[in-house]
Enquirer: 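Pasting a structure below so you can have a look.
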Amino acid sequence: MAGTDLSSPLLEMQGIVKTFPGVRALGGVDLDVQAGEVHCLLGQNGAGKSTLIKVLAGAHQPDEGVIRWQGAEVRLTDPQAAMNLGIATIYQELDLVAGLSVADNVFLGRERSRFGLNRPATDQRATAALMARLGHPEIRPGTEVGALSAASQQMVSIARALSQDARLIVMDEPSAVLDNEEVERLFAVVRDLTADGVAVVYISHRLEEIRQIGDRITVIKDGATVATGLPARETPTREVISLMTGRTIEYVFPQRTERVAVTATPVLEVSDLSVPGRFSDVSFTVAPGEILGLAGLVGSGRSEVLEAVYGARRPSSGEVRVDGKRLRPGDVAAAVGAGVGLAPEERKSQALMLGDPIYRNITLSSLARFSRAGFLSVRAEKAAAREQTEALDLRPVDVDREVRTLSGGNQQKVVLARWLLRDCRVLLLDEPTRGVDVGARSEIYALVRALADRGVAVVVVSSEIPEVLGLADRVLVLGDGRVLADEPATALDEHRVLDLVMQGLPSGATHTTEGHVA
Amino acid sequence: TGNTPEASSSGGGGNNAASSNDDTGDTVTIGFSAPAADHGWMAQITAAARAEADSYDDVELVVAEGTNDVSTQISQVETFINDGVDAIVLLPFDGAALTPIALEAMQAGIPVINVDREFNDPDAARVTILGDNYGMGVSAGTYICSQLGDQPDAVVAEVAGIDSLPLTQERSQGFSDALADCGLDVDNRVAAEFTVESGEEVTANLLQAAPQIDALWNHDDDQGIGVLAAINNAGRDEFFMVGGAGSANAMRSIQAGDSVLQATVIYPASQAADGVRLARLVAQDKALSDLIDVEVPRRITLSAPVVTADNVDQYIDSAFES
Amino acid sequence: MSENTRTTTGSTVAAPDARPTPPPSTRTPSGGGLLSGSIGRNLGLVVAFALLCIVGIVTAGDRFASTDNVLTILRLAAVVGVVSIGMTFVIIGGGIDLSVGALVALSSVWATTLATQAVAADVHWIVMVGTAVLVGAVAGLVNGVVIAYGKLVAFIATLAMLAAARGLAEIIANRRTQIVQDQDFLRFFSGSVLGIPTLVWMFALVAVAGWVLLNRTTFGRRTFAVGGNAEAARLAGIRVQRHTVALYVLSGVTCGIAAVMLMARTTTGSSTHGTLLELDTIAAVVIGGTLLIGGRGTIVGTVIGVLIFTTLSNVFTLNNLSSSAQAVAKGVIIVAAVLLQQRVAAGRRQRRSSKALPPTAAEGAPAGASPGVPAP
Amino acid sequence: MSENTRTTTGSTVAAPDARPTPPPSTRTPSGGGLLSGSIGRNLGLVVAFALLCIVGIVTAGDRFASTDNVLTILRLAAVVGVVSIGMTFVIIGGGIDLSVGALVALSSVWATTLATQAVAADVHWIVMVGTAVLVGAVAGLVNGVVIAYGKLVAFIATLAMLAAARGLAEIIANRRTQIVQDQDFLRFFSGSVLGIPTLVWMFALVAVAGWVLLNRTTFGRRTFAVGGNAEAARLAGIRVQRHTVALYVLSGVTCGIAAVMLMARTTTGSSTHGTLLELDTIAAVVIGGTLLIGGRGTIVGTVIGVLIFTTLSNVFTLNNLSSSAQAVAKGVIIVAAVLLQQRVAAGRRQRRSSKALPPTAAEGAPAGASPGVPAP
Ligand SMILES: Nc1ncnc2c1ncn2[C@@H]1O[C@H](COP(=O)(O)OP(=O)(O)OP(=O)(O)O)[C@@H](O)[C@H]1O
Ligand SMILES: Nc1ncnc2c1ncn2[C@@H]1O[C@H](COP(=O)(O)OP(=O)(O)OP(=O)(O)O)[C@@H](O)[C@H]1O
Ligand SMILES: [Mg+2]
Ligand SMILES: [Mg+2]
């Protein structure tokens with residue numbers, strides 16, 4: 001903690017209360033941040049973390065409570081006010097303008113201009129520099145942000161925060177869409193910052209990250225601070241978890257059931273599947289009751305494989321069979337009809353009707369079950385939806401709430417609930433635990449395993465290698481659009497997987513840009 | 001000419017007014033532009049003009065897309081000038097707005113025949129053929145006076161046409177002036193869009209506004225179909241109705257006498273046809289032989305006679321089908 | 001992405017934002033009876049409408065309150081209303097249909113050609129009805145296919161259809177107003193049942209059917225999904241293109257029905273029927289709380305929207321207002337109505353949140369308040 | 001509106017999808033000269049326009065190609081064009097302005113009242129110009145405030161303004177057409193400079209100014225942001241509401257300018273000026289590739305869009321088509337044009353993406369796609 005004077009914290013938030021129609025998101029939260037420290041904010045999904053930092057960013061106006069900046073009380077009436085103080089924020093839901101270029105986004109609201117005219121060249125040079133610093137030179141300043149992957153977009157918003165030379169940078173789950181490599185690179189940047197006396201508020205559900213980077217921890221639960229100033233490295237994980245969840249959870253993976261049916265005829269057969277420019281000749285089979293994990297770096301094509309299997313992308317060659325029957329390529333509805341389900345990776349754009357109630361999002365793919373002659377039984381729908389939300393510990397319990405008003409993690413749970421509800425033969429999960437808290441994670445693992453045990457074939461994509469290894473029976477390592485390995489999970493460990501991934505990299509690509517060479 | 005039924009029937013293809021003028025001369029190209037044919041009368045204007053042109057094998061009529069956007073209509077006339085047509089028959093959406101471009105045409109040596117809506121500069125047209133909008137209102141008013149002159153507290157209603165048009169204002173003006181002469185006034189007034197639908201709609205409301213009516217004037221017989229429909233729907237018949245423009249439909253029901261429609265005031269839909277006819281003569285330097293005058297006159301105002309059951313037979317053949 | 005964020009911002013209560021906050025009246029019906037549910041959500045509109053009626057009564061007394069006048073308003077609302085129901089589906093589905101007016105004209109003309117009427121005379125007037133509806137449906141099908149498979153922007157595609165359909169109607173009718181000869185047809189449709197005009201019954205029928213279809217069937221549910229987030233709908237296994245086509249066909253059908261109603265009301269078919277109908281219907285739908293970006297809307301809101309507009313012009317006429325004054329007043333009143341609607345809505349939200357909210361409060365309330373939070 | 005819902009989302013996973021994929025022509029300019037950039041992006045439109053011209057030449061020969069005729073087309077395009085520029089900003093900013101036609105009418109009337117003209121006579125005709133522009137600006141301000149702060153749906157707010165402004169114009173002008181007396185005014189505006197009519201110069205000026213404002217200034221960039229993702233814009237510290245107001249004022253100003261142009265062209269001010277102008281302009285903007293949901297669009301596209309429509313009616317007139325036939329043809333041609341535009345766009349994407357990916361990664365090419373390409 002580079003030379004911080006504990007007597008006068010950089011930031012003090014006291015008794016912050018924020019109420020939304022029908023919800024008390026924050027009921028008196030306290031937070032104090034020292035200069036040059038990495039202050040970790042922990043809490044379950046829906047605890048109020050993002051709301052708190054939005055108050056700090058001037059995006060939400062608190063109903064009560066005081067905010068002190070370097071000891072002086074301040075009112076953050078709008079985002080501009082916060083920025084002027086030197087508070088930069090990386091929001092959980094990437095708030096970028098898809099239609100604008102990377103450079104435009106980085107400097108949006110702080111455009112430099114001469115005689116009222118923009119200076120694109122200047123902005124672009126500055127942006128290129130920032131991207132290089134983040135180890136992503138391949139993200140060109142001129143590229144349209146909408147064309148980038150979630151990962152790349154995350155990098156853009158990080159660059160955006162860095163460009164502000166802020167005294168305090170708030171990061172709301174920046175690592176959710178990143179893989180280990182990129183997280184490492186992010187941490188390097190964070191260490192530079194703190195060394196320069198910049199304070200960082202870091203939110204994540206990956207506790208091991210907290211260990212690595214954190215200095216102090218504040219835990220909020222149900223909109224109230226339950227602990228603050230805990231030493232990040234010393235506090236045992238169990239304690240943190242019980243503070244967050246109010247119960248003790250063994251953060252472990254469910255037992256593999258032994259009868260992983262090598263003999264049983266596979267439910268899902270994928271042979272020589274290729275999508276030009278994405279991946280080529282991917283073949284694998286999944287037996288009933290088997291969980292197949294797809295490991296690889298961001299951009300390695302895992303999502304594309306799932307999308308191609310699902311019919312969301314039309315493959316150039318190869319075929320997909322479910323229970324021996326060939327699926328019509330590029331026809332999602334047909335795949336769903338055949339009992340395939342995909343929980344996509346980008347919940348907001350690919351999965352959710354944000355304006356609709358929770359229950360409608362959950363039952364959307366299973367409407368047939370609740371309808372007779374096309375007529376729906378809303379009662380039955382809600383009942384079924386409630387079962388799912390309880391199983392996933394989704395809050396709020398009220399399934400009539402609009403999904404838009406849910407916290408990030410809870411939105412992710414809604415996506416899962418949709419496919420858990422529809423009893424699929426084949427379930428494809430892309431980053432299923434992205435942004436989900438520890439408590440819910442273990443529940444999700446248990447549910448997935450339970451599904452498998454009911455004979456469902458599951459394919460899981462995750463950027464967290466431990467998750468893949470822990471959950472899957474068999475692991476497929478993808479790199480550069482090719483299958484690098486197909487081995488039982490028990491025969492692999494984290495390092496082995498990473499090594500494999502590295503092998504897959506095209507010779508010439510430097511270690512810093514692997515998997516991202518655009 | 002033009003205001004008598006015989007001449008009006010030239011709209012049906014003017015081969016009846018036989019004169020040396022009908023002998024084929026050197027072929028002339030006539031540009032024609034009128035507002036959007038969004039109601040029966042205006043549609044008939046264009047149709048009659050085409051028919052008239054077709055009846056001469058020395059006339060080529062170039063018809064521009066009907067439009068209610070003066071800017072577009074101006075560009076159409078410009079196109080005619082660029083093309084160097086021999087004459088232009090122009091029914092402007094707004095007389096004043098089209099005046100400058102008409103002047104330009106005249107200066108370019110292209111005679112302009114101004115139909116129905118008058119320019120605000122006499123030099124902008126070689127010939128001006130006008131239906132008499134004010135006179136139309138007067139005729140309607142006078143007729144209603146003749147029917148209820150003796151009861152000053154009689155309720156008179158008016159269903160006007162498109163209210164933003166100057167011509168509608170003139171008609172209403174003439175109407176109220178004429179009514180004033182016999183101590184009557186307009187108690188309820190609504191404005192429709194010259195279309196059947198709008199006629200039905202505004203009248204339906206009007207009939208609710210005025211539970212008891214003695215006389216009703218409707219500016220346009222095409223929207224009048226809707227007006228009558230509304231009256232029937234409401235089952236009202238305590239009053240009599242006077243129409244306008246003089247469509248064949250209207251005259252037939254006057255003839256049949258089976259509806260409240262008792263009379264209609266003619267507003268000749270043959271004006272444009274007459275315009276084409278005159279344009280041809282002007283372009284061929286001919287005179288109106290059926291006039292004593294050796295030259296084609298500058299200004300012709302068509303009168304607005306009232307058609308009733310008594311004289312309907314005289315007009316019905318020349319009436320336009322809406 | 002941008003769409004979603006728009007929806008978010010569009011209704012994030014806190015965010016002051018260029019896009020208007022959709023009142024909760026636009027919350028998609030989540031079951032519940034028509035009365036308790038939809039009307040409740042549209043409370044603001046109802047109030048606005050009520051005020052309008054009060055103005056009518058104050059200014060025009062019995063002339064406004066009379067049964068005849070009410071029926072007149074309803075009969076006039078019927079035509080716009082039926083089309084608006086179809087439009088509501090299209091807009092909730094994320095589209096727009098500018099061609100409705102032209103389709104009404106085309107259907108009415110086609111159904112009243114001498115040929116059609118001749119056949120109808122021999123067979124039954126139902127032929128005319130069938131023709132009108134069929135023409136509307138086919139035109140709608142064209143719209144749908146061009147938009148869903150040709151991937152044309154709905155605005156442009158239907159604008160093109162608007163021009164084309166009107167032109168075609170004019171050609172067919174040769175710009176003449178075609179009189180409906182069949183008296184039985186007229187008697188049937190301009191008649192009344194139980195003192196209520198047939199047209200009003202038709203409107204009521206279409207509205208109720210529309211409500212059920214939208215709120216109680218999978219079709220309706222999919223419509224919300226497609227309009228709310230097409231990509232997500234596709235990945236959820238919905239055949240988005242096919243559904244889109246269906247929506248425009250539906251709209252076309254309502255145009256056909258409206259054409260029949262207009263034929264009955266005016267005893268004519270004409271290429272001038274339904275002029276600017278598209279504007280009236282879209283206005284009614286939007287003022288009814290349906291979002292132009294799709295994904296949200298209610299039938300009840302639309303119906304009230306239609307009633308507001310028709311009542312407005314009725315009240316104006318009863319007070320013998322000049323058409324210019326009407327225009328100005330109309331503009332002001334529309335704004336006032338919507339503003340009122342939003343305030344009421346806001347108020348309602350407040351009350352809702354202030355009174356105990358067991359199910360919702362769970363995750364929001366401070367730890368102590370919800371001891372039982374930890375999952376079962 | 002939701003057209004692009006599909007796109008943005010659709011772009012993550014390129015696949016069959018009901019929503020029309022927006023041609024890259026709609027990609028916001030990120031640097032790049034006008035020629036290489038905008039025109040390039042609008043290649044499809046240019047082709048469509050070129051085809052139209054060829055048709056004109058083939059059917060009407062020199063009568064079409066003549067300088068006079070070209071100037072006629074341009075003069076007609078000028079009025080619609082100027083308003084379309086303003087409309088482009090509003091739509092890119094995520095709004096819509098239905099009141100433009102009415103505002104043109106109101107401005108023209110207000111600027112030609114006896115009072116105004118009297119003052120103008122004493123002082124200078126610039127007074128009339130000032131009045132027109134001011135009236136437009138103020139009306140636009142009202143629109144903007146009602147939308148940004150009253151949180152009214154733009155569609156409804158501007159629809160209300162449409163009704164109110166026309167009504168007001170009629171009241172002021174008492175429905176009479178007001179003649180412009182000031183000869184200097186007429187001489188100035190209906191004159192030509194270097195053989196090009198003043199009106200055309202004005203259009204050119206407004207277009208260029210608009211292009212610079214949109215693509216080269218902070219204001220323009222923020223317009224894209226506000227329309228593309230209002231919440232993101234807000235979080236970036238942009239005063240979204242204030243910006244929205246500015247957009248509508250801008251639109252109002254262009255209406256004022258258009259009013260002056262119309263006054264010069266027709267020597268009159270009238271409450272009937274600019275009838276249905278809103279439809280023409282929106283159509284031109286949308287066919288120009290601007291997305292109705294906002295966030296994307298180009299000035300060049302709009303200009304070409306305007307030219308396409310005006311040239312179309314010119315070609316029709318030259319060929320003496322019956323106006324009904326014209327309507328039908330118009331519909332068909334519009335669809336054809338946009339389809340062509342998309343195919344060309346697609347073709348271009350193919351070629352572009354086959355070589356260096358980065359700029360057009362829009363199709364969601366994975367990182368892995370082209371491993372060889374080294375970083376800059
Ligand atoms: N705009 C809103 N309207 C209504 N309720 C909201 C809104 N935003 C957040 N909430 C509620 O406030 C609570 C806190 O949400 P918040 O996003 O702060 O949780 P979080 O701690 O960030 O969770 P996660 O870890 O999943 O991101 C949640 O119950 C959420 O439903
Ligand atoms: N570095 C990158 N640059 C550009 N686009 C990328 C990049 N990485 C991934 N994408 C795009 O993001 C989407 C998801 O990434 P992809 O499926 O290729 O990799 P992945 O293994 O699924 O990684 P992720 O963990 O992000 O899902 C795809 O559309 C892909 O084209
Ligand atoms: Mg959060
Ligand atoms: Mg992925």
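Just so we're on the same page: letters track the sequence lines, and every chain starts at 1. As the structure is a prediction and not an experimental result, all values here were calculated from the model.
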Enquirer: Sort T19(A) into side chain, backbone, both or neither according to what part of it lies under 4.5 angstrom from a heavy atom of chain C.
Expert: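 For T19(A), no heavy atom lies under 4.5 Å from chain C.
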Enquirer: Show the nearest heavy-atom pair for residues G355(A) and R296(C), with the distance to one decimal.
Expert: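 Heavy atoms of G355(A) and R296(C) come nearest at O-NH2, 3.1 Å.
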Enquirer: Which atoms form the tightest heavy-atom contact between L367(A) and R222(C), and what is the distance?
Expert: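 Answer, listing the atom of L367(A) first, then R222(C): CD1-CG, 4.3 Å.
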Enquirer: Could you go through V378(A) and R221(C), starting from their C-alpha distance and side-chain angles, then the distance that decides it, and tell me whether this counts as side chain to side chain contact (heavy atoms under 4.5 Å, CB included)?
Expert: CA-CA 11 Å; V378(A) 177; R221(C) 188 58 58 76; 4.2 Å; yes
Enquirer: Which distance, rounded to the nearest 0.5 Å, do you find between the CG of L213(C) and the CZ of F375(A)?
Expert: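 Nearest 0.5 Å value for the CG-CZ distance: 8.0 Å.
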Enquirer: Heavy atoms only: give me the nearest A236(C)-R418(A) pair and the separation to one decimal.
Expert: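 Heavy atoms of A236(C) and R418(A) come nearest at CB-NH1, 3.9 Å.
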Enquirer: For a quick test of reading the model, state the closest non-hydrogen atom pair linking R239(C) to A334(A) and the distance between them.
Expert: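 Distance-wise, the nearest heavy atoms are NH2-N, 3.9 Å.
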Enquirer: Is the count of non-hydrogen atoms from other residues, nucleotides or ligands lying under 6.0 Å from R328(A) atom CZ greater than 12?
Expert: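 Incorrect, the count does not exceed 12.
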Enquirer: Taking all non-hydrogen atoms of both residues, which atom of L235(C) and which atom of Y310(A) are closest, and how far apart?
Expert: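 It is O-OH, 2.5 Å.
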Enquirer: Which of the residues R422(A), E381(A), K54(A) is involved in the greatest number of heavy-atom pairs with chain C at under 4.5 angstrom?
Expert: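 Highest number of heavy-atom pairs under 4.5 Å: E381(A).
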Enquirer: Hey, does R360(A) have a side-chain heavy atom less than 4.5 Å from the side chain of F224(C)?
Expert: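 F224(C) vs R360(A): side chains touch.
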Enquirer: Please report the closest heavy-atom contact between A225(C) and L364(A), naming both atoms and the distance.
Expert: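 Heavy-atom minimum between the residues: CB-CD1, 3.8 Å.
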Enquirer: Considering only heavy atoms and a distance below 4.5 Å, find which of D78(A), N361(A), V340(A), L376(A) pairs most often with chain C.
Expert: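 Heavy-atom pair counts peak at L376(A).
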Enquirer: With a 4.5 Å heavy-atom cut-off, do Q350(A) and N229(C) have their side chains touching?
Expert: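 Heavy-atom side-chain distance check fails, nothing below 4.5 Å.
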Enquirer: Look up atom CG in D331(A) and atom CZ in R234(C), then write down how far apart they are to the nearest 0.5 Å.
Expert: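 D331(A) CG to R234(C) CZ: 10.0 Å, rounded to 0.5 Å.
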